[in-house]
Amino acid sequence: MDSDERPQQVTGVVIITLPPSDNPSLGKTITAFTLTNDVFPQSNQTQQREQEQEQHLPTTQTITSPPQNPQLGFSFSRLFLDNPRKLLGFLGISLLALLLYSSAFSNTSVELRNSNNDDDEKPQSFIFPLYHKMGADSELKLGRFVDVDKVNLVASIDSGTIGTQKINKLVAANAAVINLSGTILPVRGNVYPDGLYFTYLLVGNPRRPYFLDIDTGSDLTWIQCDAPCSSCAKGANPLYKPTTVNIVASKDSMCTEVQKNQKPQNCKTCQQCDYEIEYADRSSSLGVLARDKLHLVTANGSITNLDVVFGCAYDQQGILLNTLSKTDGILGLSRAKVSLPSQLASKGIINNVVGHCLATDIAVGGYMFLGDDFIPNWGMSWVPMLGSPSTEFYHTQIVKINYGSSSLNLGGQDSNIGRVVFDSGSSYTYFTKQAYLELITSLSEVSTLGLIQDASDPTLPICWQAPFPIRSLMDIKQFFKTLTLQLGSKWWILSERFHIPPEGYLIISNKGNVCLGILDGSKVHDGSTIILGDISLRGQLVVYDNGKLKIGWTQSDCAKPTRFKSLPFFEG
């Protein structure tokens, strides 16, 4: 090149200095500036940065004085003042660079934080995959503790196991449920025909896996227990075998929590804490409290071992026995102090946050998590969590339901305000009687579109037969409308919409019909609460933030959990 020739001017250049792959802790910078035809000697700042990199020191970018060469300053200012579009383009490139920086170095940022000794003491988060199980009936958990008759229930600990002599069941046939006083593991299951979603925990020493039905409507986590077991289903794994040291004493604070709403009883001879849980589907579980090691694998591969209290269940009754054919118990995820997330939060292991993502694709299953590292930074809809009347349930206020453009009456004492419970332990969704009847009336229009109600299909109360083979819900989705629940507040600007598309309330039965997965809830819970079950929670990442008392959701395919971190300039 001749000495008189000058290189063409280059503008809007973004330079990103990446750290070496073998040393991610080395400094990283982003520099945005304009290059001119002039050649400048290497600045002291650049020399200093190169020396720091040679010494493996983090590089910091300082604000320097205005350029000494007036031609550079003139070229830079005139470029953007004369051409606003170039200024906007430059700003866009800079913003893109920041976004790329945040994405490229998210893992490095996590590693740097994890390397700090102070951060090791901060709450962690754990991911649990959900697993698939075949042949279960539909579930409706929403459990509550009931009184245990200690006069007729005598249990003793002998040779490391618990023996029962007599059991008096306390299940009332017409009783209503009114009061309720980073490991990466997938979630599997479906609404039909399985009826549940479940994951697994590693418990005991040596640690053994147990498949547990994830249930945000239950307090206590329990595992079928060889005590010996008087009424246990043949589960996926051998029964849990407790020893004398595992049994929780009746004076333990966790026992007091479990029995706080029971009738006061004076049992001087009781050496263990008895419990009985009755569920809304009339099934029940009875046993004693146990304490053993729970093994959780963190994001960096280390194993966290901690003592947790759970139920050693040796007598199950009702439909629960059918759902235990491939599982070993229930994972209680409610707000109660005895629930697993509350126990972990009380120990400082996690922030008290629970989340689950149930996939509509059976092959995917989904995942659940404990802790707040997997909450998206944007795109979530949030509503306040109600604190009464049942503080352990995840419920919020509902002020309106629409089927398409038609409004449905909420029913109850105040037809304009109701309650909604998010319950991962229920297979289907339950409406109040008034809302259910009005929904059925609105759905009568599908008969004019060629769908005929088939009363011979026992799968669910209402099923329709189509004049053509139904291969998937997409074949008949156009015949139905979206349900919209207005939650949180009666004021439009403060409320959020929870949308339930047709695939969120319909299933295809084994007979090849399409069936309504919304049921009459007038005899469930208190009869005036809407219960959102698995069928309507699929395809949504749902988060229960017990620390901030709010419930959130956003659409998701639930295929893979993502650890969300703020952009660097948003971090405090």
Side-chain angles (χ1 to χ4, degrees), residues 136-140 189-196 280-281 319 358 360 362 398 400-411 418 420-485 498-525 527 529-540:
D137 294 326
S138 64
E139 293 188 321
L140 176 59
N190 55 59
V191 173
Y192 181 82
D194 298 0
L196 58 80
D281 58 14
I319 198 174
L358 311 179
T360 54
I362 296 178
I398 179 171
K400 191 175 183 180
I401 306 179
N402 274 18
Y403 175 74
S405 59
S406 301
S407 180
L408 306 180
N409 193 322
L410 292 174
V420 170
V421 171
F422 289 72
D423 180 26
S424 66
S426 295
S427 305
Y428 298 112
T429 289
Y430 293 80
F431 276 7
T432 60
K433 189 175 187 65
Q434 188 66 29
Y436 176 74
L437 293 177
E438 292 191 9
L439 175 62
I440 298 304
T441 300
S442 298
L443 287 171
S444 62
E445 67 182 22
V446 301
S447 61
T448 63
L449 302 175
L451 299 183
I452 302 174
Q453 192 166 338
D454 183 3
S456 66
D457 193 333
T459 305
L460 287 168
I462 298 181
C463 297
W464 295 274
Q465 186 179 43
F468 51 84
I470 302 176
R471 295 166 297 180
S472 71
L473 289 175
M474 300 307 294
D475 294 337
I476 46 84
K477 179 179 178 180
Q478 68 273 16
F479 299 135
F480 298 86
K481 299 176 182 177
T482 295
L483 282 161
T484 303
L485 281 60
F498 188 93
H499 298 288
I500 308 177
E503 57 268 31
Y505 61 83
L506 298 173
I507 66 164
I508 299 176
S509 71
N510 288 333
K511 195 175 179 180
N513 292 331
V514 55
C515 300
L516 178 63
I518 297 177
L519 306 176
D520 180 3
S522 59
K523 296 182 180 180
V524 174
H525 192 42
T529 299
I530 292 173
I531 300 173
L532 293 179
D534 292 339
I535 190 171
S536 300
L537 299 178
R538 295 177 302 174
Q540 301 276 358

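- Within the structure, side chain to side chain donor-acceptor pair (under 3.5 Å) contacts touching residues 453-462 (residues at least two apart or in different chains) are Asp454-Ser456, Asp454-Lys511, Asp454-Asn513, Ser456-Lys511, Asp457-Thr459, Asp457-Ser509, Asp457-Asn513.
- Under the 4.5 Å side-chain criterion, counting only non-hydrogen atoms from C-beta, Tyr430 is not in contact with Thr529.
- Remark: Leu460 CG to Ile535 CD1 distance equals 7.5 Å, nearest 0.5 Å.
- Separating the CG atom in Asn409 from the CG atom in Leu437 is a distance of 10.5 Å, to the nearest 0.5 Å.
- Using a 4.5 Å heavy-atom threshold, the side chains of Leu410 and Ile401 count as touching.
- Counting only heavy atoms from C-beta outward, the side chains of Leu485 and Leu532 approach each other to under 4.5 Å.
- Taking OH of Tyr436 as the start and OG of Ser522 as the end, the distance is 9.5 Å to the nearest 0.5 Å.
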query: Would Ser406 and Ser442 count as a side-chain hydrogen bond (donor to acceptor under 3.5 Å, both in side chains) if you check the C-alpha gap in whole Å, the side-chain angles of each, and the deciding distance to 0.1 Å?
result: CA-CA 8 Å; Ser406 301; Ser442 298; 5.0 Å; no

message: Determine whether Ile507 and Tyr428 satisfy the following criterion, side chain to side chain contact (heavy atoms under 4.5 Å, CB included), listing intermediate values before the conclusion.
response: CA-CA 10 Å; Ile507 66 164; Tyr428 298 112; 3.8 Å; yes

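- In terms of heavy-atom proximity, Lys400 sits nearest to Ser407 at CE-OG, 4.2 Å.
- Annotation for Ile452: atom CD1 does not count as buried by contact number, only 12 or fewer foreign heavy atoms lying within 6.0 Å.
- Separating the OH atom in Tyr403 from the OG1 atom in Thr482 is a distance of 9.0 Å, to the nearest 0.5 Å.
- Looking at heavy atoms from C-beta onward, Ile462 lies out of side-chain contact with Leu443 at the 4.5 angstrom threshold.
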Would you tabulate the side-chain donor-acceptor contacts of residues 466-477 under 3.5 Å, counting partners in other chains and residues two or more places apart, or write 'none'?
residue: Ser472; atom: OG; partner: Met474; partner atom: N; Å: 3.3
residue: Asp475; atom: OD2; partner: Arg471; partner atom: N; Å: 2.8
residue: Asp475; atom: OD2; partner: Ser472; partner atom: N; Å: 3.2
residue: Lys477; atom: NZ; partner: Glu503; partner atom: OE1; Å: 3.4
residue: Lys477; atom: NZ; partner: Glu503; partner atom: OE2; Å: 3.2

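- Atom-to-atom distance recorded for Leu506:CG and Ile500:CD1 is 11.0 Å, nearest 0.5 angstrom.
- Contact between Ile531 and Ser426 at its shortest, heavy atoms only, is CG2-OG, 4.1 Å.
- The distance from atom CG of Leu358 to atom OG of Ser536, rounded to the nearest 0.5 Å, is 11.0 Å.
- Nearest heavy atoms, Asn402 versus Gly404: CB-O, 3.6 Å.
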query: Does the pair Tyr505 and Leu439 meet the rule for a side chain to side chain contact (heavy atoms under 4.5 Å, CB included), with working shown?
result: CA-CA 12 Å; Tyr505 61 83; Leu439 175 62; 6.0 Å; no

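- Every residue two or more places apart in sequence or in another chain was checked for a ring pair (Phe, Tyr, Trp, His ring centres under 6.0 Å) with Phe431, and none qualifies.
- Contact annotation: the side chain of Leu449 never approaches that of Trp464 to less than 4.5 Å [non-hydrogen atoms, C-beta and beyond].
- Asp534 is listed as a side-chain neighbour of Ser424, based on a closest heavy-atom distance under 4.5 Å.
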